[in-house]
Amino acid sequence: MSSQKLQPPRGTRDLIGDEFRRHHRVIKTARRISALYGFEEWATPIFEDTRVFARGLGETSDVVSKEMYVFEDRGGDSVTLRPENTAGVCRALVSNGLTQSLPRKVFYAGPMFRYERPQAGRYRQFHQIGAEILGVAEPLADAEVIACGYHIQRELGIAEGSVLEVNTLGDTESRDAYRAALVLHFSAHRDSLSEDSQRRLEKNPLRIIDSKDEGDRRLVADAPTIAAYLTPTARAHWDVLRRHLDAFGVPFRENPRIVRGLDYYSHTAFEFVTDRLGAQGTVMGGGRYDGLVEEMGGPPTPSVGWAAGVERLAMLLEAGDLTPPAPRLVNVIPVSEAEEGVAMAVLQSLRAGGIAAEMGYRGNLKRRMERANKQNARAALIVGEAEAARGVVQLRDLDAGTQEEVPVDALVERLRG
RNA sequence: GCGGUCGUAGCUCAGAUGGUAGAGCGCCAGGUUGUGGUCUUGGAUGUCGCGGGUUCGAGUCCCGUCGAUCGCCCCA
């Protein structure tokens, strides 16, 4: 292989063959299940005005501060390849005046872009599926989106491998009070904190409770938990959510360490995690974002949703050997050029009858038979001079190796069985 | 952005201590000018990721770079 050969850009990859099929299976399943829950699919642009993300996700979040593909277009506007799609969906809701027709349940699937170092289950162009319920404050909506996400994983056969962990971040008031308490607590032990966590103390104190550092964990153990700081409203939301999850039959584990990276979350935060993907354990993550639509210039619109990494779901699928088999073709073979016309007519009649069929582009009988075998065709239809004259073909079963003569008129019926 | 490992044919990989490249699979052609899968004969593979350095000589040693991979940060 020469170095001149063009390769896909770092962190991107081609989806071909089984990989494409796995990927597609995830999306197709998610589409079908989300429709069962009443979600409608939207497709929003893969790039947006940079402000959509800068404002939506929070200027200090990692995604915005160092992972965005930002560039100036020829007109001098700053645009950004979307790093996630919740902000885009909220922008679309506002742009299209749909805040007049709430609630709205939206499903999407498509590529996202984040400038990061590639790793197992992490790419610069990756794909997400996502579901959002816009305009509902009741915890029933939180429970329903989660139930939908869980259902999709079950349908994919990967639910046993992932665990739903849920937490509440409270409303703004609760969170501010909690953050202040954490800062107070950790500031007292500042010097014992890891380097990363000292930085977090300034930037995002909540993150400290999610630290993997051993020393940090000991300090986290005596740190205050949010429970004590929840306002009555926030506590009620949290209590009802857990009841609803039970009612929907969604198993979950409470994890007070769940803190999500994007600034827009409030109340519910959750992740489906697995230990089967190396360092990238989160397979689906989301939460409630009551302030985001307002950030996009709309009215206050309480909303909740999740996004899941298609690559990560597909990787789990791989372990379970769940790739659907490729459809097998029937291969039509003219013995010589003289029968090509007849063979083409046969070919089209098969396709019209719903039978997947193909004809080679060149080569003698032997070459075509080899080709049919190589592509794992289920049957070869051989059309020679004698057959063409009598309106029949030789139908060769490539698995059994048996061959019989079948009238052209009877082919579709015969191959359907 | 930081650290570890790796980079030889389309694929999987072999090439002790430096002496200008090999196997299996796959591919192409023949044995079989109306019949595949098995068998058999023959054939083509490649700037040994890229650039520089050391050396009479580098796939092999050194530096850089790009890419892959694993981990940190963060996230899907």
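Letters A, B, ... mirror the listed sequences (proteins, then strands); counts begin at 1.
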If you take atom types as modelled and just measure distance, does the side chain of A:Gln394 reach the base of B:rU35 with a donor-acceptor pair under 3.5 Å? no
With both pairing distances under 3.5 angstrom for Watson-Crick or G-U wobble, and | for a partner in another strand, the correct string for RNA chain B is (((((((..((((.....[..)))).(((((.......))))).....(((((..]....))))))))))))....
**Prompt:** Side chains of A:Ser303 and A:Glu132: do they bring a donor and an acceptor to under 3.5 Å?
**Reply:** no
Handout entry: Side chain A:Asn373 and base B:rG36 donor-acceptor under 3.5 Å
Key = yes
Measure distances between side-chain N and O atoms of A:Arg117 and base N and O atoms of B:rG1, and say whether any donor-acceptor pair falls under 3.5 Å.
-> no
| Would you say a side-chain N or O of A:Lys374 is under 4.0 Å from OP1 or OP2 of B:rC27? | yes
For this session: Test the A:Arg124-A:Tyr115 pair against the cation-pi criterion, namely NZ or CZ under 6.0 angstrom from the six-membered ring centroid and within 45° of the ring axis.
Result: yes
* Using a 4.0 Å heavy-atom cut-off across all strands, classify A:Gln375 as base, sugar-phosphate, or nothing. => nothing
Start with the C-alpha distance between A:His237 and A:Asp142, add both sets of side-chain angles, then the distance that settles side-chain hydrogen bond (donor to acceptor under 3.5 Å, both in side chains), and finish with yes or no.
CA-CA 10 Å; A:His237 191 97; A:Asp142 307 42; 2.9 Å; yes
Q: Please state whether the phosphate of B:rA29, meaning OP1 or OP2, lies under 4.0 angstrom from any side-chain nitrogen or oxygen of A:Lys366.
A: no
Checklist entry - When you check the phosphate oxygens OP1 and OP2 of B:rA68, does a side-chain N or O of A:Arg10 lie under 4.0 Å from one of them? => result yes
Open item on the list: Can you check the distance between B:rA58 and B:rU65, where both ends of the measurement are the P atom (answer in whole Å)?
Closed with: 23 Å
The side-chain contact (heavy atoms from CB on, under 4.5 Å) partners of A:Ala410 (sequence neighbours excluded) come to A:Val406, A:Pro407
Nearest-nucleotide check on RNA chain B, A:Gly286 vs A:Asp397; residue mapping nearer the 5' end is A:Asp397
Query raised in the report: Does the B:rG34 base have a donor-acceptor partner in the side chain of A:Glu387 within less than 3.5 Å?
Result: yes
